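Some notes on the structure that comes next.
The first residue in the sequence is number 1, and the count goes up from there. No hydrogens, no waters, no symmetry mates; every other heavy atom, side chains included, goes into these values. Since the model is a prediction, treat every value here as computed from it, not as a measurement.
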Amino acid sequence: MATAFSASPVAVPRDARFFVTMALLMALVLVAGFATQYLAGRSSFDAPMLTHAHGMIFFGWVALLVTQTLLASRGSIALHRALGWIGAGWVIAMLIAGVGVIIVKTRAGLTPFFFQPQYFLIVNPMTIFAFAGLTAAAIVNRRRTDWHARLHLGAMTMILGPGFGRMLPMPLMIPWAFQIAALVALVFPIAGMIRDRRVEGRVHPAWWWSVAVLLGTLGVGELIVRSPVGDAIFAAVTAGHPGASAAPLAFAPPPPARP
């Protein structure tokens with residue numbers, strides 16, 4: 001999945017260790033985040049089937065990312081390419097499952113109390129679509145392996161917020177909890193920039209695109225959420241459901257402490 005600034009589609013990268021390490025650390029963020037919630041007793045396997053499907057599909061992508069990075073680092077290009085086309089279809093499943101879970105939770109009035117319901121409904125799907133867009137760009141640039149590798153990691157940055165958010169003290173970060181959890185993920189593109197500057201002498205443009213997409217998604221999302229368009233989206237999605245009674249731009253009170 002990765003080479004240095006090289007356009008060769010078959011070359012085994014000299015910087016393979018860096019990209020493998022990045023992929024593994026990203027996977028660790030998500031595993032640690034969800035495991036932390038389970039061990040703390042704040043989540044369990046007693047959840048609707050859609051939630052389980054969402055989790056399996058998204059963690060399936062994480063496993064695929066790590067596998068693809070390892071295959072490319074070892075020169076197993078034929079298998080890497082074959083799995084790549086499976087991954088392209090997998091992204092569609094992620095869009096359906098991700099947006100589906102967000103809509104279901106918003107309609108049920110189950111938005112986490114440290115998120116504004118309207119923000120949760122609108123910006124969360126935007127990050128998933130931004131992930132899909134960067135992934136599509138990585139696939140289009142599959143023969144430009146320097147772009148391909150970095151765009152895939154940039155895409156992964158877009159969906160690390162839920163992992164970081166489950167490890168950070170989100171209630172203490174109100175009203176910026178969502179933004180902070182998303183922005184912390186920029187540690188990975190920044191690490192890539194530092195690595196490129198030291199090893200290649202310049203920062204690869206793919207990292208700048210990755211950062212710009214994340215910041216742009218948050219910025220545009222903020223504008224939509226605070227506009228009549230955002231109000232209309234929330235009203236249309238929640239109409240006839242318990243979530244319609246929630247104040248769209250207010251933070252719900254925290255749940256009562258467990259005895």
Side-chain angles (χ1 to χ4, degrees), residues 1-11 13 15-16 18-20 22-23 25-27 29-30 57-58 60-73 77 79-99 123-163 182-183 185-197 200 202-221 224:
M1 185 175 125
T3 66
F5 292 21
S6 165
S8 169
V10 296
D15 53 358
F18 170 78
F19 285 96
V20 170
M22 289 275 280
L25 288 175
M26 287 179 162
V29 167
L30 292 169
I57 290 169
F58 273 70
W61 177 265
V62 175
L64 183 61
L65 174 77
V66 173
T67 300
Q68 286 287 72
T69 308
L70 289 169
L71 287 173
S73 70
I77 303 302
L79 181 55
H80 175 86
R81 287 174 175 167
L83 287 178
W85 292 114
I86 294 175
W90 203 275
V91 172
I92 297 174
M94 294 173 71
L95 287 170
I96 295 171
V99 174
V123 184
N124 245 345
M126 288 180 65
T127 62
I128 302 173
F129 277 98
F131 156 80
L134 284 171
T135 299
I139 294 172
V140 169
N141 286 279
R142 60 190 177 276
R143 293 189 176 277
R144 301 169 67 189
T145 50
D146 53 323
W147 280 88
H148 180 71
R150 291 165 175 82
L151 287 172
H152 264 308
L153 294 182
M156 192 67 184
T157 299
M158 296 300 308
I159 57 173
L160 289 180
L183 291 172
L186 287 177
V187 65
F188 288 101
I190 291 172
M193 291 177 175
I194 294 172
R195 178 265 165 202
D196 281 357
R197 173 66 69 179
E200 309 294 343
R202 68 182 180 93
V203 175
H204 195 285
W207 296 126
W208 292 115
W209 276 105
S210 299
V211 172
V213 168
L214 192 151
L215 295 179
T217 298
L218 294 179
V220 173
I224 295 174

Report the distance from atom [atom1] of [X] to atom [atom2] of [Y], rounding to the nearest 0.5 Å.
X: R150; Y: R144; atom1: CZ; atom2: CZ; answer: 12.0 Å
X: H80; Y: L70; atom1: NE2; atom2: CG; answer: 11.0 Å
X: L151; Y: D146; atom1: CG; atom2: CG; answer: 9.0 Å
X: I57; Y: I92; atom1: CD1; atom2: CD1; answer: 12.0 Å
X: F19; Y: R195; atom1: CZ; atom2: CZ; answer: 6.0 Å

Heavy-atom closest pair, residues [X] and [Y]:
X: P205; Y: W147; result: CB-CH2, 3.6 Å
X: L153; Y: M26; result: O-CE, 3.3 Å
X: L160; Y: A185; result: CB-CB, 3.9 Å
X: P125; Y: V99; result: CB-CG2, 4.1 Å
X: A88; Y: I139; result: CB-CD1, 3.8 Å
X: M94; Y: F58; result: O-CE1, 3.4 Å

- Those residues that, when tested against F188, pass ring-ring contact (aromatic ring centres under 6.0 Å, His included) (two or more places apart):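 For F188 there are no ring-ring contact (aromatic ring centres under 6.0 Å, His included) partners, ignoring immediate neighbours.
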
- Item | Partner set under side chain to side chain contact (heavy atoms under 4.5 Å, CB included) for L83, not counting sequence neighbours |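 Counting only residues at least two positions away or on another chain, L83 forms a side chain to side chain contact (heavy atoms under 4.5 Å, CB included) with L64, T67, Q68, L71, L79, I86.
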
- Can you list the steps and then say if I77 with R81 is a side chain to side chain contact (heavy atoms under 4.5 Å, CB included)? CA-CA 6 Å; I77 303 302; R81 287 174 175 167; 3.6 Å; yes

Distance-only check: which donor-acceptor pairs under 3.5 Å involve side-chain atoms of residues 210-220, not counting sequence neighbours?
residue, atom, partner, partner atom, Å
S210, OG, A206, O, 2.9
T217, OG1, V213, O, 2.7

- Message: Strictly distance-based, threshold 3.5 Å: is any side-chain N or O of R197 a donor or acceptor partner for the main-chain N or O of I194?
- Response: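 Absent.
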
- Can any side-chain N or O of W207 pair as donor or acceptor with the backbone N or O of I190 at less than 3.5 Å?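 Between the backbone of I190 and the side chain of W207 there is no qualifying donor-acceptor contact (under 3.5 Å).
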
Compile the donor-acceptor pairs under 3.5 Å between side chains in residues 126-138 and protein atoms, sequence neighbours left out, one pair per line.
residue, atom, partner, partner atom, Å
T127, OG1, N124, O, 2.6
T135, OG1, F131, O, 2.9

